[in-house]
Amino acid sequence: MTTRKTSSPGLRMAIDYGPLLVFFAITFVAPAEPMRALVAAFTRTLNDLTRVEALLIARVICATAGFVIATVIAMAVSKAKLGTISPMLWISGALVVVFGGLTIYFADPRFIKMKPTFVYAIFASVLVFGLITRRPLLQQLLGAAYPGLTEAGWIKLTRNWAIFFVVMAIANELVWRWTAATMSDTAAFRAWTLYKFPGCVVITLLFAFANIPMLMKHGLNLEGDAVPTIPPEA
């Protein structure tokens with residue numbers, strides 16, 4: 001039997017957002033020239049590119065590789081510390097590996113930019129399916145984090161998150177396509193990265209807290225050690 005262990009909010013946040021922090025740090029902080037040399041040592045991808053293009057693609061490859069590795073580590077930590085890997089983390093992690101692998105193989109940042117769209121779309125589809133079939137899927141995932149919430153509250157919370165994920169999927173497509181069409185390749189990649197982190201994290205947290213007044217009207221009990229949580233970032 002799988003043993004579920006208690007966790008602190010800090011550990012949960014580290015598991016969900018640590019990989020994004022790694023991606024952000026490599027994109028904005030890591031020195032470009034060593035990354036170019038590293039990528040050039042293992043592949044011929046940069047051979048036919050200008051210096052500016054080579055530096056960008058090297059950064060994209062290194063940031064994506066770091067993202068994939070950090071995601072796998074986060075899943076392993078979740079299993080070791082919490083005793084389980086949530087279904088949402090499985091979905092997000094699997095798509096990080098797939099789209100990250102495509103990004104690295106084709107040296108094309110469009111793949112990693114499209115990954116959140118698919119994650120949000122899958123999350124929304126699962127929640128809509130639960131509403132249609134009257135299966136409390138979100139309650140099964142997050143029930144311990146929302147003690148006392150009534151059935152009506154769970155239905156409204158599921159509906160709200162489904163709508164949110166649809167909006168976020170559309171927003172991600174608009175942001176990465178608009179930046180790609182109006183900015184230089186380097187600026188577009190950095191702008192999208194800033195939108196993804198910390199932008200989407202802040203938006204998600206604000207949305208989660210905006211739901212609390214409604215949830216309290218439907219029985220949510222915030223007393224004790226229970227702390228409302230949110231689905232993992234895409």
Checklist outcome for this item: Note: T193 and T27 closest approach over all heavy atoms is OG1-CG2, 3.8 Å
Next on the checklist: Quick one, F111 and V98 - any side-chain contact, counting heavy atoms below 4.5 Å?
Outcome noted: no
Item to check | Point-to-point distance, once rounded to the nearest 0.5 Å, from CD1 of I85 to OG of S92 | outcome: 12.0 Å
Checklist entry - Between T43 and V39, is there a donor-acceptor pair closer than 3.5 Å when you use the side chain of the first and the backbone of the second? => result no
Item to check | Derivation and outcome, side-chain hydrogen bond (donor to acceptor under 3.5 Å, both in side chains), residues W161 and N211 | outcome: CA-CA 10 Å; W161 276 110; N211 278 278; 5.8 Å; no
Checklist outcome for this item: Rounded to the nearest 0.5 Å, the OG1 atom of T158 sits from the CZ atom of F129 at a distance of 13.5 Å
Checklist entry - Pick from V68, I69, L102: which one makes a side-chain contact (heavy atoms from CB on, under 4.5 Å) with V97? => result V68
Next on the checklist: Are W178 and M183 packed together at the side-chain level, in the sense that at least one heavy-atom pair is separated by less than 4.5 angstrom?
Outcome noted: yes
Checklist entry - How long is the span from the CZ atom in F164 to the OH atom in Y120, to the nearest 0.5 Å? => result 6.0 Å
Checklist entry - Is any side-chain heavy atom of P116 less than 4.5 Å from a side-chain heavy atom of Y195? => result no
Item to check | More than 12 heavy atoms from other groups under 6.0 Å of CE on M216 | outcome: no
Item to check | Side-chain touch F165/V119, heavy atoms, less than 4.5 angstrom | outcome: no
Next on the checklist: Do E173 and M114 make a side-chain contact, defined as non-hydrogen atoms from C-beta onward lying under 4.5 Å apart?
Outcome noted: yes
Item to check | Partner of L215 by side-chain contact (heavy atoms from CB on, under 4.5 Å), out of T150, L157, N160 | outcome: L157
Checklist entry - Can you name the closest pair of heavy atoms from T45 and A107 and give their distance? => result CG2-CB, 3.3 Å
Checklist entry - Would you say V22 and F67 make side-chain contact, with heavy atoms under 4.5 Å? => result no
Checklist entry - Roughly how far, to the nearest 0.5 Å, is CG of L131 from NZ of K156? => result 13.0 Å
Item to check | Minimum heavy-atom distance between S78 and R12, given as atom pair plus value | outcome: OG-NH2, 4.2 Å
Checklist entry - Would L82 and L11 satisfy side-chain contact (heavy atoms from CB on, under 4.5 Å), going step by step from the backbone distance to the final call? => result CA-CA 9 Å; L82 306 181; L11 176 60; 3.8 Å; yes
Checklist entry - More than 12 foreign heavy atoms under 6.0 Å from CG of N47: is that the case here? => result yes
Item to check | Over 12 foreign heavy atoms within 6.0 Å of CZ, F118 | outcome: no
Checklist entry - Is R110 atom CZ crowded by more than 12 heavy atoms from other residues, nucleotides or ligands, each under 6.0 Å away? => result no
Next on the checklist: So if I apply the side-chain contact (heavy atoms from CB on, under 4.5 Å) rule between L56 and each of L49, T186, L46, I61, which one comes out positive?
Outcome noted: T186
Next on the checklist: Rounded to the nearest 0.5 Å, what separates atom CD1 in I155 from atom CD in Q139?
Outcome noted: 9.5 Å
Checklist entry - Once the angle between the rings of F189 and F23 is folded into 0 to 90°, is it parallel (under 30°), tilted (30 to 60°) or perpendicular (over 60°)? => result perpendicular
Checklist entry - Are there more than 12 heavy atoms of other residues, nucleotides or ligands under 6.0 Å from atom CZ of F28? => result yes
Checklist entry - With sequence neighbours excluded, what pairs up with L55 under the side-chain contact (heavy atoms from CB on, under 4.5 Å) test? => result A32, E33, R36, R51
Item to check | Smallest separation among heavy atoms of V166 and A124, with atom names | outcome: CG2-CB, 3.7 Å
Checklist entry - Is there side-chain contact between L127 and R159, with at least one heavy-atom pair below 4.5 Å? => result no
Checklist entry - With side chains defined as the heavy atoms from C-beta onward, is the minimum distance between L20 and K196 less than 4.5 Å? => result yes
Item to check | Rounded distance (nearest 0.5 Å) linking atom OG1 of T64 with atom CD1 of I112 | outcome: 5.0 Å
Checklist entry - What do the steps show when you test V60 against T103 for side-chain contact (heavy atoms from CB on, under 4.5 Å), and what is the final call? => result CA-CA 8 Å; V60 169; T103 298; 3.7 Å; yes
Next on the checklist: Please find the pair of heavy atoms, one from A152 and one from H218, that lie closest to each other, and give the distance.
Outcome noted: CB-ND1, 3.9 Å
